[in-house]
Structure formats: C-alpha cells, structure tokens
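The structure under discussion appears below in the form of structure tokens.
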Amino acid sequence: MIKLVDGEDFSINIINNICFITFSSPSTRNAISLRMSAVMQEISWKKENNLSIFQKFLADNNCLLIVVQSSVKGIFSSGGNLSDLKNASKELCQNYASSIKAFCKLLHSCSIPSVTLLAGSAYGGGAELALATDFRWSIGKKSDLHFTQMRFAIPAGWGGMSRLAELCPQLSHKKISAMIIGRHSIFYEQMVNLNLIDNTFLNIKNCYRALNEWRDNIEQAPLDIRNDLMHRLNIKETYQLEEYDNEIFNKYFLNFEHKKRITTFFAKRNNNAKD
Ligand SMILES: CC[C@H](C(=O)O)C(=O)SCCNC(=O)CCNC(=O)[C@H](O)C(C)(C)COP(=O)(O)OP(=O)(O)OC[C@H]1O[C@@H](n2cnc3c(N)ncnc32)[C@H](O)[C@@H]1OP(=O)(O)O
C-alpha cells in the first residue's frame, strides 16, 4: 500500500495500481470537514510541472483506476460539515468550497478512469462528490442522492449542478435549478434511469472482483493506445474528435501489436482445441 493521505477519517492509498479514496467518519456520517478540505486543497492545486500533488502521486505509482468509497455502513457522505461551518471563522472557511470543488473536478478531468462506490445515501455536497467521478457503481439498491443544500439556504457549491447537466443531458439547467430549490432526491431507480448508476453489484466482494478485472484489462492495453484514447477528453469539437478517432484507429490497425494479438488468439484456440 502506497499512502498519500493517511487520515483516520479520510485516506488516499494506492493498492495494486488502484487509488482508493476512502471516507471513514461514522460520527459525522462522512461529512467533509474543514481539515479534509484543506488536504484536498493541498493535493489539488497545481504544483510542479503543472501537475498537482494528487496527479503526480497517480503518475508516479502507475495508478490505473481511482475509486471513491465510504467505509461507513449505509451512507456515502452527509456533505458539508455543518458543525465546522457553524463554529469556524469566515476566514477559515474561505477556501472550503473551492478546495473541495477543485478536488471533485480532478476526479473526472484527469486521464485515469474514476468510479464512486455507492452503498447508501449522499446528502448535499456528498451528492455532488458522488457525481464527481466518471462512473458510479451501486452495491445493493439503497444508493440515492439528496440535494439538501437549500435546507441551509445555499445552492450546490462543489460543482454538482454543472456536473449533473454533463451526466444527464436530458436535465435542462432550469430543471436542475428547480431540483436544487425543491430539495429533490434521486432514488436508486431514477438514478439508473438517468444513467447515474453504471453498474450494480449484490455485494462488495463482487464489486471489488469487477474492479480488479477492470484494472487487469487496462493493464493489458498497450500504454500508447491508452494515452491516445484518454487524450480524447481534451478534444471538445465533435468534428475534431471524429478526425482524431480515425487517425488513432489507422495508427494501430494491423500494426505489429494488432497482428501479434490476432496470432495469439488463434494459437490459444488451437491449443484449447487440442486439450
Ligand atoms: C455545498 C455543500 C453544502 C455545504 O457545504 O454547506 C452542504 O453539503 S450542506 C449539508 C448537507 N447535508 C445534509 O443535509 C445532511 C445533514 N444530516 C442529516 O440529515 C442526517 O444526519 C443524516 C441523514 C445524514 C444521518 O441521519 P442519522 O439519523 O443516521 O444520524 P444523525 O442525524 O443522528 O447524525 C449522526 C451524527 O452525524 C452528525 N452529522 C450528520 N450530518 C452531518 C453534517 N453534514 N455535518 C456534521 N455532522 C453531521 C450528526 O450531528 C450526529 O452527530 P452527533 O454528535 O450525534 O450530533
């Protein structure tokens, strides 16, 4: 295990090329504390060579997948830490939301796939954190999102409204504003209908098995193709993306590696046929 953050309630470790970001604060239902936000600020804001500490940690340790998870049964996160926000000075809180928002943005803008494991509810900023990753996998069918920010007379502040629009094109900006104003909840079935749940597992064991299989498949993809495919997220115009996709396909089609793997495929089939 390679550690970047070793807090009792918030840790970031790499195990077998998977980066686990784990929230473990049962006493606050995984509320994101001021201290957690300070750590997120430290590791998210650009440092050397235009790379944040977090991105350098991922690169230096050949991380292939990012997993955000809760170790607290029945809840992903209760969002902003209300007692911290009640007791701390305005100065102490001035970077609170922007630090968490920067960390959330990194989770879907870096060139490594990210997935949130949901086994319970997410409230307020916790729902925004659950939306921050590329994918969401549900363990069981009790995953849900509760946009409770307006209970405290604030809009979503960790990037959740624009992220919801990205993930669910069918939700207009007006509908998203209405959902925040109306403190809407999105329960499991609706999350599935909105494509906010990408996979569902009966239990955590099956989920981790699928994560390891995903990691193995990524590892078997040649690094140059992985990099070229992940570069797609930087191309915004559709016509440029089509041109780029043609270019990278022609770059690898019937090259040495492609033909080698076709040969291996038939060799394995012939060996299996003989067994
Ligand atoms: C832009 C984001 C925005 C912001 O940053 O301001 C927000 O995220 S606003 C906060 C949005 N969060 C919520 O609306 C959730 C508030 N919490 C609850 O509704 C409940 O606690 C719930 C449903 C999460 C859990 O209910 P349950 O009955 O299981 O437990 P308790 O309510 O008894 O809570 C247990 C324990 O956890 C503490 N707690 C819960 N949520 C928070 C929180 N967000 N911040 C700090 N502490 C929290 C609660 O006070 C209890 O502690 P105790 O010492 O026993 O009082």
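Model, not experiment: these values are computed from the prediction.
When all heavy atoms of V68 and T133 are compared, the pair lying nearest together is CG2-CG2, 3.6 Å. Here the shortest heavy-atom pairing between D134 and L107 reads OD2-O, 3.9 Å. Summarising the geometry of C110 relative to L58, their closest heavy-atom pair is SG-CD1, 4.4 Å, with the distance given to 0.1 Å. What you find for P113 and I218 is that their closest heavy atoms are CG-CD1, 4.3 Å. The two residues R215 and I18 come nearest to each other via the heavy atoms CG-CG1, 3.8 Å. Between G80 and A31 the shortest heavy-atom distance is O-CB, 4.1 Å.
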For this session: Could you walk me through whether I262 and T264 pass side chain to side chain contact (heavy atoms under 4.5 Å, CB included), step by step?
Result: CA-CA 5 Å; I262 294 172; T264 307; over 6 Å; no
Exercise. After noting the C-alpha distance and the side-chain angles of H108 and F135, does the key distance pass the ring pair (Phe, Tyr, Trp, His ring centres under 6.0 Å) rule?
Worked result: CA-CA 9 Å; H108 57 265; F135 298 86; over 10 Å; no
For this session: Evaluate the criterion side chain to side chain contact (heavy atoms under 4.5 Å, CB included) for residue pair L85 and F152; output intermediate values, then yes/no.
Result: CA-CA 11 Å; L85 297 175; F152 307 95; over 6 Å; no
For this session: Go through S121 and D144 one step at a time and tell me if the side chain to side chain donor-acceptor pair (under 3.5 Å) criterion holds.
Result: CA-CA 5 Å; S121 300; D144 45 42; 2.6 Å; yes
Problem set entry | Criterion side chain to side chain donor-acceptor pair (under 3.5 Å) on S83 and N81, from CA distance to verdict | CA-CA 6 Å; S83 42; N81 189 306; 2.8 Å; yes
Exercise. Going through the distances and angles, do N30 and S70 end up as a side chain to side chain donor-acceptor pair (under 3.5 Å)?
Worked result: CA-CA 8 Å; N30 283 345; S70 157; 2.8 Å; yes
For this session: Take H146 and F187 through the test side chain to side chain contact (heavy atoms under 4.5 Å, CB included) and record every step on the way to the result.
Result: CA-CA 8 Å; H146 305 274; F187 293 98; 3.7 Å; yes
For this session: Apply the test side chain to side chain contact (heavy atoms under 4.5 Å, CB included) to residues F57 and I43: give CA-CA distance (whole Å), side-chain angles for both, the deciding distance (0.1 Å), then the verdict.
Result: CA-CA 9 Å; F57 173 69; I43 65 174; over 6 Å; no
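One N or O on the side chain of Q149 and one on the backbone of G124 form a donor-acceptor pair closer than 3.5 Å. For Q41 (side chain) and Y96 (main-chain N/O), no donor-acceptor pair under 3.5 Å exists by modelled atom type. Judged by distance alone, the side chain of D9 and the main-chain N or O of S24 form no donor-acceptor pair under 3.5 Å. One N or O on the side chain of S77 and one on the backbone of G79 form a donor-acceptor pair closer than 3.5 Å. A donor-acceptor pair is defined here as one N or O able to donate and one able to accept, closer than 3.5 Å; such a pair exists between the side chain of N255 and the backbone of E257. Using a distance-only test at 3.5 Å, with no hydrogens or angles considered, no donor-acceptor pair links the side chain of T116 to the main chain of R136. Under the 3.5 Å distance criterion, the side-chain polar atoms of R163 are matched with a main-chain donor or acceptor of L131. Side-chain atoms of S78 come within 3.5 Å of backbone atoms of R29 as a donor-acceptor pair (strictly under, hydrogens ignored). Here the side chain of S11 pairs no donor or acceptor atom with the backbone of G7 at under 3.5 angstrom. At distances below 3.5 Å, at least one donor-acceptor pair connects side-chain atoms of D84 with backbone N or O atoms of L34.
Here S98 contributes atom OG and W158 contributes atom CH2; the two are 11.5 Å apart, rounded to the nearest 0.5 Å. Taken from CD1 in I180 to NZ in K175, the straight-line distance is 14.0 Å, to the nearest 0.5 Å. For the atom pair CD1 of I204 and CG of L117, the computed distance is 5.5 Å after rounding to the nearest 0.5 Å. We find the NZ-CG distance between K205 and L202 to be 12.0 Å, quoted to the nearest 0.5 Å. With values rounded to the nearest 0.5 angstrom, N13 atom CG is found 9.5 Å from I2 atom CD1. Expressed to the nearest 0.5 Å, how far CG of D228 lies from CD1 of I248 amounts to 6.0 Å.
If you chain together hydrophobic residues whose side chains sit under 4.5 Å apart, L229 and Y252 fall into the same group. There is no path of hydrophobic side-chain contacts, each under 4.5 Å, that joins V5 to F20. A continuous path of ILVMFWY side-chain contacts below 4.5 Å connects V192 to L167, so both sit in one hydrophobic cluster. Hydrophobic clustering (ILVMFWY, side-chain heavy atoms < 4.5 Å, transitive): I66 and M1 are in distinct clusters. Both I32 and F54 are part of a single hydrophobic cluster, where members link through side-chain heavy atoms under 4.5 Å apart.
With ring centers used as reference points, F76 lies 6.0 Å or more from Y123.
No more than 12 heavy atoms of other residues, nucleotides or ligands shown are found within 6.0 angstrom of CD on E8. Around the NE2 atom of H258, the shell of radius 6.0 Å holds more than 12 heavy atoms that belong to other residues, nucleotides or ligands.
Side-chain contact between I21 and Q69: absent, with no pair of heavy atoms (C-beta onward) separated by less than 4.5 Å. The shortest side-chain heavy-atom distance between D198 and W137 falls under the 4.5 Å cut-off. The shortest distance between side-chain heavy atoms of K86 and L82 does not fall below 4.5 Å. Here the side chains of W45 and S99 are in contact, with some heavy-atom distance below 4.5 Å. Contact of the I235 side chain with the E243 side chain is not registered, since no non-hydrogen atoms from C-beta on lie closer than 4.5 Å. For the pair L129 and F23, the minimum side-chain heavy-atom distance is below 4.5 Å. A 4.5 Å side-chain heavy-atom check between S143 and I197 finds at least one atom pair inside the cut-off. Side-chain atoms of R151 and R183, non-hydrogen and from C-beta on, do get closer than 4.5 Å to each other.
A salt bridge is absent between D224 and K251: the closest approach of a Lys/Arg side-chain nitrogen to an acidic carboxylate oxygen does not fall below 4.0 angstrom. By the 4.0 Å N-to-carboxylate-O rule, E219 lies too far from R226 to be salt-bridged with it. Salt-bridge formation is not detected for the pair E213/R209: no Lys NZ or Arg NE/NH1/NH2 atom is positioned less than 4.0 Å from an Asp or Glu carboxylate oxygen.
Judged purely by distance below 3.5 Å, without hydrogens or angles, the side chains of E237 and Y244 never pair a donor atom with an acceptor atom.
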